Amino acid sequence: MVPVARPAPEPCRGRFAPSPTGPLHFGSLVAAMASYLEVRTRGGTWLVRMEDLDPPREVPGAADHILRTLAAFGMESDEPVLYQSRRLAAYEDSWQRLRETAGCFPCACSRATLRAAGSTLIGNEGPIYPGTCRRRPPPPGQPVAWRVPVPDVEISFTDAVQGPQRQNLAREVGDFVVRRRDGLFAYQLAVVVDDAFQGITHVVRGSDLLDSTPRQIYLQEQLGVAQPAWLHTPVATLPEGEKLSKQTGAQAVVANSASLHAALCFLGQPVPMELARAPLAELWDWALTHWQVTRIPRQLARPAPA
Ligand code: GLU
């Protein structure tokens with residue numbers, strides 16, 4: 001019998017991309033574990049990318065602490081860890097391309113000016129940009145940020161957990177910053193450049209970045225790079241609802257089965273109680289056999305276990 005030719009499965013590549021602003025906490029463990037399981041259960045390659053792009057926010061030693069904790073859980077990057085601090089030439093190149101092709105323009109407005117101009121605040125990300133410097137370029141000689149102009153069209157995508165999403169960048173975000181006034185490249189640009197560079201096919205991360213996804217899709221279109229599949233998990237919060245983060249004093253997670261078990265429960269996986277005390281290898285065996293995205297609660301946030 002002639003064997004039927006089957007298309008080779010698409011090589012799956014995923015990543016965990018922490019910012020080294022503090023130790024790995026329960027919330028970041030959830031994101032790391034979800035991306036790891038999603039990639040491993042597809043037979044793919046899992047990468048760690050250190051998003052050390054913003055020196056003022058970094059905590060000395062945090063990057064190494066994060067990598068050591070991941071390794072203690074058994075999660076190690078399949079390829080050398082990529083450090084964003086060593087990728088500035090690539091961001092510079094893409095920023096130049098955006099200047100040439102996407103009409104990226106200089107902007108001298110400070111947050112305070114924008115607020116004073118009555119722009120609506122969106123979350124903690126600052127005001128919706130009213131187009132001030134797009135209409136009238138700032139006089140030369142002052143420090144400027146660089147913004148990408150956005151069209152008045154809806155960007156839509158389907159998230160594997162949160163379902164269909166849509167956002168009108170012009171109305172809900174405005175022209176957004178790709179290079180900051182202090183010269184640093186913005187997260188939105190760096191993440192798109194590096195996801196493309198690393199051939200990432202599956203972006204798995206916390207829902208606090210769901211809102212950023214349409215901006216990233218827009219940059220992917222402008223730079224002519226592929227769009228990955230998206231999966232945003234609920235983020236872990238304090239009982240009062242604040243997101244667990246370095247700012248809210250989240251503790252370093254202890255690298256043991258109880259923590260991994262709690263992260264699996266947090267993502268709705270029906271893991272037997274007794275595995276909380278089993279060796280890590282046994283828990284990973286269970287997780288790799290039973291991981292089901294459809295069980296992840298379709299919520300933006302949920303309280304972390306006490
Ligand atoms: N570095 C970002 C953070 O720690 C995550 C970026 C991403 O996964 O796209 O929040």
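Both counts, for ligands and for their atoms, begin at 1 and track the order of listing. Just so it is clear, the structure is predicted and the values come from calculations on it, not from any experiment.
For the salt bridge (Lys or Arg N to Asp or Glu O under 4.0 Å) with Arg87, the qualifying choice from Asp52, Asp194, Asp93 is Asp194, the only one to do so. Partner Phe16 forms a side chain to side chain contact (heavy atoms under 4.5 Å, CB included) with one of Leu29, Val204, Val39, Leu70 and no other, that one being Leu70. Screening Arg205, Gln165, Gln162, Arg298 against His232 for a side chain to side chain donor-acceptor pair (under 3.5 Å) leaves a single residue, Arg205. For the side chain to side chain contact (heavy atoms under 4.5 Å, CB included) criterion with Val192, the lone passing option out of Gln222, Gln227, Gln220 is Gln220.
Of the N or O atoms in Pro18, none lie within a sub-3.5 Å distance of an N or O in ligand 1.
Residue Tyr187 has at least one heavy-atom neighbour below 4.0 Å for each of these atoms of ligand 1: 6 (C), 7 (C), 9 (O). Counting atoms of ligand 1 from 1 in the listed order, those under 4.0 Å from a heavy atom of Arg205 are 7 (C), 8 (O), 9 (O). Those atoms of ligand 1 that come under 4.0 Å of a heavy atom in Ser19, given as number and element, are 1 (N), 2 (C), 3 (C), 4 (O). Heavy-atom proximity to Val191, at under 4.0 Å, picks out these atoms of ligand 1: 9 (O).
Note on ligand 1: Arg15 sits in its first shell, one or more heavy atoms being nearer than 4.0 Å. Distances shorter than 4.0 angstrom do not occur between any heavy atom of Phe16 and any atom of ligand 1.
For atom 10 (O) of ligand 1, the nearest protein heavy atom (residue, atom name, distance) is Leu209 CD1, 4.2 Å. Annotation: atom 6 (C) of ligand 1 to nearest protein heavy atom, Glu51 OE1, 3.2 Å. Closest to atom 5 (C) of ligand 1, if we only count protein heavy atoms, is Ala17 O, 3.2 Å.
Between Trp291 and Leu267, the closest side-chain pair of non-hydrogen atoms falls below 4.5 Å.
For Ser35, the side-chain hydrogen bond (donor to acceptor under 3.5 Å, both in side chains) partners two or more places apart in sequence, or in a different chain, are Trp46. Judged as a ring-ring contact (aromatic ring centres under 6.0 Å, His included), and not counting sequence neighbours, the contacts of Phe266 are Phe26.
In this structure, the separation between OH on Tyr218 and CZ on Phe176 is 7.5 Å, given to the nearest 0.5 Å.
By the criterion of a heavy-atom distance under 4.0 Å, neither the backbone nor the side chain of Asp208 is placed next to ligand 1.
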